[in-house]
J.: 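Take this structure first; my questions come after.
Nothing fancy with the numbering, it's 1 onward along the sequence. Not measured: the values here are computed from a predicted model. Order of listing sets the numbers, starting from 1, for every ligand and every atom in it. The figures here come from the full heavy-atom set of this structure, side chains too, leaving out hydrogens, waters and symmetry mates.
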Amino acid sequence: MQVHLFDSASQVGQAAAMLVGAQLLEKPNSVLGLATGSSPISTYQELIRLHCAGVIDFSSTITFNLDEYCRLPIEHPCSYHRFMKEQLFSHVNLRAENTHVPNGNAEDLSAECARYDQAIAKAGGIDLQLLGIGRNGHIGFNEPSDQFVYGCHVVRLTQSTIEANRRFFDSEADVPREAVSLGVGSIMNAKRVILIATGEDKAVAVRKAIQEDIDPATQASILRTHPNVLFLLDKAAAAKL
Ligand code: F6R
């Protein structure tokens with residue numbers, strides 16, 4: 001496990017983008033695992049800048065997102081399909097057929113979860129997984145629990161996540177209560193993991209993940225057993241280490 005500290009959140013984004021860029025220079029047809037939410041936005045902005053400057057080519061890159069809300073139309077302003085389109089996909093030369101986000105509107109969600117895990121396996125597994133971390137230590141939507149769930153599954157969001165994500169919706173009642181999420185096993189199978197954490201509201205989760213027991217109550221703590229994981233933190237997120 002490596003932990004890198006930066007003065008600012010924008011430096012964290014630049015560092016993450018440099019690592020993704022280096023991965024794509026080395027292996028243009030890499031399989032990237034992508035996250036949504038506030039944490040990766042500056043990374044995506046920097047990747048777009050590098051792409052527009054002719055440094056990064058996504059034409060053979062494959063992406064799989066971590067998660068999607070259940071029963072939220074994909075064109076809803078808060079869907080992760082829409083987020084990815086607006087924050088990254090429509091600005092770079094990723095091929096639409098190479099980008100994947102779970103279908104939270106599938107009639108049979110268990111079949112969708114199995115299909116998603118199989119699609120990742122068929123693509124050769126994830127080369128580099130980008131992660132944020134929830135205030136409750138979740139990764140993807142793997143919420144605090146008494147166990148780690150291996151594969152893609154349907155998750156019931158905790159009140160803490162509903163409250164954290166309420167900022168994107170008109171009201172708390174509008175936040176979906178369920179999501180499809182990659183499991184911790186699928187995340188741990190990635191060859192390399194980069195976790196981005198910025199801001200003081202992540203400081204407790206970061207400390208629990210990095211310095212306390214490996215415990216499914218803080219799902220990110222399992223990452224310490226990954227052979228190639230980097231935590232990129234700004235000062236505020238690292239304040240309780
Ligand atoms: C998003 C995801 C979540 C977020 C986490 C942090 O795809 O899987 O685990 O990374 O909730 O969200 P932000 O970055 O908005 O604080």
J.: Could you check whether E212 pairs with R207 (Lys NZ or Arg NE/NH1/NH2 to Asp/Glu carboxylate O, under 4.0 Å)?
T.: yes

J.: Tabulate distances under 3.5 Å between N/O atoms of ligand 1 and N/O atoms of the protein, writing both atom names on each line.
T.:
| from | atom 1 | to | atom 2 | distance (Å) |
| --- | --- | --- | --- | --- |
| ligand 1 | 7 (O) | T36 | N | 2.9 |
| ligand 1 | 7 (O) | T36 | OG1 | 2.8 |
| ligand 1 | 7 (O) | D67 | OD1 | 2.7 |
| ligand 1 | 7 (O) | D67 | OD2 | 3.4 |
| ligand 1 | 8 (O) | D67 | OD2 | 2.6 |
| ligand 1 | 8 (O) | G140 | O | 3.4 |
| ligand 1 | 9 (O) | H138 | NE2 | 3.4 |
| ligand 1 | 9 (O) | G140 | N | 3.4 |
| ligand 1 | 9 (O) | G140 | O | 2.7 |
| ligand 1 | 11 (O) | H138 | NE2 | 2.6 |
| ligand 1 | 14 (O) | S38 | N | 3.2 |
| ligand 1 | 14 (O) | S39 | N | 2.8 |
| ligand 1 | 14 (O) | S39 | OG | 2.5 |
| ligand 1 | 15 (O) | S38 | N | 2.8 |
| ligand 1 | 15 (O) | R167 | NH2 | 2.9 |
| ligand 1 | 16 (O) | K202 | NZ | 2.6 |

J.: Taking atom types as modelled and ignoring hydrogens, do the side chains of H138 and E143 form a donor-acceptor contact shorter than 3.5 angstrom?
T.: yes

J.: Does any N or O in the side chain of D127 come within less than 3.5 Å of the main-chain N or O of L32, such that one atom is a donor and the other an acceptor?
T.: no

J.: Give the minimum heavy-atom separation between A220 and I139, together with the two atoms involved.
T.: CB-CG2, 3.8 Å

J.: Taking 4.0 angstrom as the limit, do E112 and R115 come out as a salt bridge?
T.: yes

J.: I'd like to check the side-chain contact (heavy atoms from CB on, under 4.5 Å) partners of Q2; sequence neighbours left out, ordered by chain and number.
T.: H4, L230

